[in-house]
Amino acid sequence: MTENREKDLLDRVPDGLFIGGSWRAAEGGKTLEVRDPATGEVLKAIASASGADAQQAMDATADAFPAWSATPARERAELLRLAFDLLTERAEEFALLMTLEMGKPLAEARGEVTYGGEFLRWFSEEASRVQGRYGATPEGQGRMIVSQHPVGPCYLVTPWNFPLAMATRKIAPALAAGCTVVIKPPQLTPLTTLFFVALLEEAGLPAGVVNVVTSTSSRTVSEPILADPRLRKLSFTGSTGVGQKLLAQAAPGVLRTSMELGGNAPFVVFEDADLDQAIEGALAAKFRNIGQACTAANRFLVHRSLADEFTRRVTERVQGLGVGRGTEEGVTIGPLIDTDAVDKTGSLVADARERGATVTTGGSAIDGPGSFFEATVLTDVAPDSALLREEIFGPVLAIVPFDTEEEAVRLANDTEYGLVSYVYTQDLARGQRMIELLETGMMGLNIGVVSNAAAPFGGWKMSGLGREGGAEGIHEYLQSKYTLTPSPF
């Protein structure tokens, strides 16, 4: 029964490119295979776009922009709201599809449907709230009008770890603002985006407003799109290294850019923390999405007076986490996305052990089909360990003790990244100090999950540019125009 349900769902996912309102094969019939990371088996073969396909998608989005940007905000809002309603009705299908192609446990996938859907609802409400301003010049000789306008055709590049939420977080504000888009889903998890765009089509999406190009080669499709002078905006979520390359390609066209890049989040537990609360937060901040999140806590900085007890209790909890295919009952740790991810996680753990770290549980890849790695806890992690310098993107919790507040701040900020931080303290003044002292674009104060569609998501330093979500999110797809008129008096 389960296999039939999965097959039926996969059969209903489009396998083509979506260009100018039509599903079609890629040039030359090229395809790519999408695999289940829990088994290694092929789920579905889909179209793999060429550079010519990408150019046609760019043509379609440019052609559709004048009409869509002139569409009343209320109509754009209603399309997004209908898409939210349809997504809510089909939550179980989308959750299962994400679990199949990405591996996350079904319960977490359901949570992503709720989270991803909120971007549709939020930006449907923001679409009609775009405002300008009017007023006299300081000397009173004229009147200033500041108006907001859609920036133009956009290129959206999404990552593999949150297949639905990353698509809705970019598509929803773009459409709400009056922009048209080409979206390139990740090669590893493209099916959810294809299924979602089919839902948008059902909701009444006009031809050319959203175009989808899937491909085995990001460079092949990105280069002609980024070189097209009609493109006005690039939004990317992924690694800092790839983001830097895309920024260089965006520079000749002086494109507006939003970059949500890597993270190295500190999780700071002060001596006055509620330890029960901190442990629950640690498990959520580390093991959500199998640790494969840019917001995942990377470095657990624990006051020395609590370090031993924190380590013992966290280790006990981690040993009770169920590992397996995300569709199975009781599973909280699914597979990593592929064998490369397993190898990287293993090398980070090995490096830490060579430098003196102690593994209290886990520490190894799991034999058999699929790309699984044990949920792992390490303590006594040396400062020069790669585990503390690089984004782990796996189920590994690394503990480092500290003695003073000043030391905690120094260790937390000792990274080129600045996406999110987590702080546990019952001292109100200390919590306020951390808000001002920690160099991150987001912070969880006594809470282990911060993402919310109504809040601006983004980082400082090498973690990116711009914000997604919140009132700020729609302005990433708008540009201001100032007009001066003579005084009417």
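Side-chain contact between Thr158 and Pro186 is present, with heavy atoms from C-beta onward closer than 4.5 Å. Phe310 places a side-chain heavy atom less than 4.5 Å from the side chain of Leu275. Between Val331 and Val323, the closest side-chain pair of non-hydrogen atoms is not below 4.5 Å. Here the side chains of Leu387 and Ile392 are in contact, with some heavy-atom distance below 4.5 Å. No side-chain heavy atom of Val242 sits under 4.5 Å from any side-chain heavy atom of Leu261.
The existence of a salt bridge linking Lys7 and Glu3 is excluded, since no basic side-chain nitrogen approaches an acidic carboxylate oxygen closer than 4.0 Å. Using a 4.0 Å cut-off between charged side-chain N and carboxylate O, Asp272 and Arg430 make a salt bridge. Comment: Arg288 does not engage Glu108 in a salt bridge, judged by the lack of any side-chain N to carboxylate O separation of less than 4.0 angstrom. Electrostatic pairing of Asp340 and Lys344 does not count as a salt bridge here, judged by no charged N lying under 4.0 Å from a carboxylate O. Taking a cutoff of 4.0 Å between a charged side-chain nitrogen and a carboxylate oxygen, Glu405 and Arg433 qualify as a salt bridge. With salt bridges taken as basic N to acidic carboxylate O contacts below 4.0 Å, one links Lys170 and Glu468. A salt bridge does not link Glu92 with Arg90: none of the charged nitrogens is closer than 4.0 Å to a carboxylate oxygen. Arg467 and Glu476 are not joined by a salt bridge, as no carboxylate oxygen comes within less than 4.0 angstrom of a charged side-chain nitrogen. A salt bridge links Arg312 to Glu316: one of the charged nitrogens lies within less than 4.0 Å of a carboxylate oxygen.
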request  = Determine, step by step, whether Phe270 and Tyr424 satisfy the ring pair (Phe, Tyr, Trp, His ring centres under 6.0 Å) criterion, reporting the C-alpha distance in whole Å, the side-chain angles of both residues, the deciding distance to 0.1 Å, and the verdict.
outcome  = CA-CA 6 Å; Phe270 285 103; Tyr424 279 77; over 10 Å; no
task = Report the C-alpha separation of Thr327 and Arg325 in whole Å, then their side-chain angles, then the decisive distance to 0.1 Å, and conclude whether the side-chain hydrogen bond (donor to acceptor under 3.5 Å, both in side chains) test is met.
result = CA-CA 5 Å; Thr327 54; Arg325 192 172 191 248; 3.1 Å; yes
query = How far apart are the C-alpha atoms of Gln426 and Asp274, what are their side-chain angles, what is the distance that settles it, and do they pass the side-chain hydrogen bond (donor to acceptor under 3.5 Å, both in side chains) test?
reply = CA-CA 7 Å; Gln426 296 184 77; Asp274 180 322; 5.3 Å; no
key: Check against side chain to side chain contact (heavy atoms under 4.5 Å, CB included), Met58 and Leu231   = CA-CA 8 Å; Met58 184 63 224; Leu231 185 72; 4.1 Å; yes
inquiry  = The test is side chain to side chain contact (heavy atoms under 4.5 Å, CB included); show your working for Leu87 and Leu120 and say whether it passes.
reply    = CA-CA 9 Å; Leu87 179 63; Leu120 299 171; 4.0 Å; yes
key: Leu378/Thr358 under side chain to side chain contact (heavy atoms under 4.5 Å, CB included): CA gap, chis, key distance, verdict   = CA-CA 5 Å; Leu378 298 95; Thr358 299; over 6 Å; no
request  = Show your working on ring pair (Phe, Tyr, Trp, His ring centres under 6.0 Å) between Phe393 and Trp160 and close with a plain yes or no.
outcome  = CA-CA 12 Å; Phe393 246 61; Trp160 52 261; 5.7 Å; yes
task = Show the numbers, then the answer: is there a side-chain hydrogen bond (donor to acceptor under 3.5 Å, both in side chains) between Thr192 and Glu101?
result = CA-CA 8 Å; Thr192 301; Glu101 69 170 341; 2.5 Å; yes
query = Going through the checks in order, is the salt bridge (Lys or Arg N to Asp or Glu O under 4.0 Å) test met by Glu439 and Lys461?
reply = CA-CA 8 Å; Glu439 299 168 351; Lys461 300 192 288 189; 3.0 Å; yes
inquiry  = If you apply the rule salt bridge (Lys or Arg N to Asp or Glu O under 4.0 Å), what do you find for Lys44 with Glu33, and how did you get there?
reply    = CA-CA 6 Å; Lys44 192 178 182 77; Glu33 293 180 337; over 6 Å; no
task = Would you sort out whether Val269 and Leu301 count as a side chain to side chain contact (heavy atoms under 4.5 Å, CB included), showing the intermediate values?
result = CA-CA 6 Å; Val269 182; Leu301 311 177; over 6 Å; no
query = Do Lys184 and Ser222 pass the side-chain hydrogen bond (donor to acceptor under 3.5 Å, both in side chains) test, and can you show the C-alpha distance, the side-chain angles, and the key distance before you say yes or no?
reply = CA-CA 8 Å; Lys184 192 199 78 61; Ser222 293; over 6 Å; no
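Aromatic rings from Phe84 and Phe119 are positioned such that their centres are separated by 6.0 Å or more.
Rounding to the nearest 0.5 Å gives a distance of 5.0 Å between CD1 of Ile399 and OG1 of Thr379. Separation of atoms CG (Asp15) and OG1 (Thr214) is listed at 9.0 Å; rounding is to 0.5 Å. Between the CE atom in Met98 and the CG atom in Asn289 there is a gap of 9.5 Å [rounded to 0.5 Å]. Taking CD from Glu374 and OG1 from Thr345, the interatomic distance works out to 12.0 Å, rounded to the nearest 0.5 Å. For the atom pair CG of Asp36 and CG of Leu43, the computed distance is 5.0 Å after rounding to the nearest 0.5 Å. Taken to the nearest 0.5 Å, the CD atom of Glu406 stands 4.5 Å off from the OG1 atom of Thr404.
Between the side chains of Ser235 and Ser258, no donor N or O sits under 3.5 Å from an acceptor N or O. A donor-acceptor pair shorter than 3.5 Å cannot be found between the side chains of Asn298 and Glu391. A donor-acceptor contact closer than 3.5 angstrom is absent between the side chains of Arg389 and Asn264.
Relative to the ring axis of Tyr155, Lys233 does not place its NZ or CZ within 45° and under 6.0 Å from the centre. Figure legend: cation-pi geometry between Arg304 and Phe402 absent, as NZ or CZ is not positioned both under 6.0 Å from the six-membered ring centre and within 45° of its axis. A cation-pi geometry, defined here as NZ or CZ lying under 6.0 Å from the six-membered ring centre and within 45° of its normal, holds between Arg169 and Phe457.
Around the CG atom of Leu411, the shell of radius 6.0 Å holds more than 12 heavy atoms that belong to other residues, nucleotides or ligands. Shown here is Asp403, whose CG atom has more than 12 heavy atoms of other residues, nucleotides or ligands within 6.0 Å.
Pairing each heavy atom of Gly263 with each of Leu419, the nearest pair is CA-CB, 4.3 Å.
Looking at Asn413, its side chain never comes within 3.5 Å of a backbone N or O of Leu438 through a donor-acceptor pair.
Between Thr360 and the choices Asp380, Thr311, Thr315, Thr376, the side-chain hydrogen bond (donor to acceptor under 3.5 Å, both in side chains) rule is met once, by Thr315.
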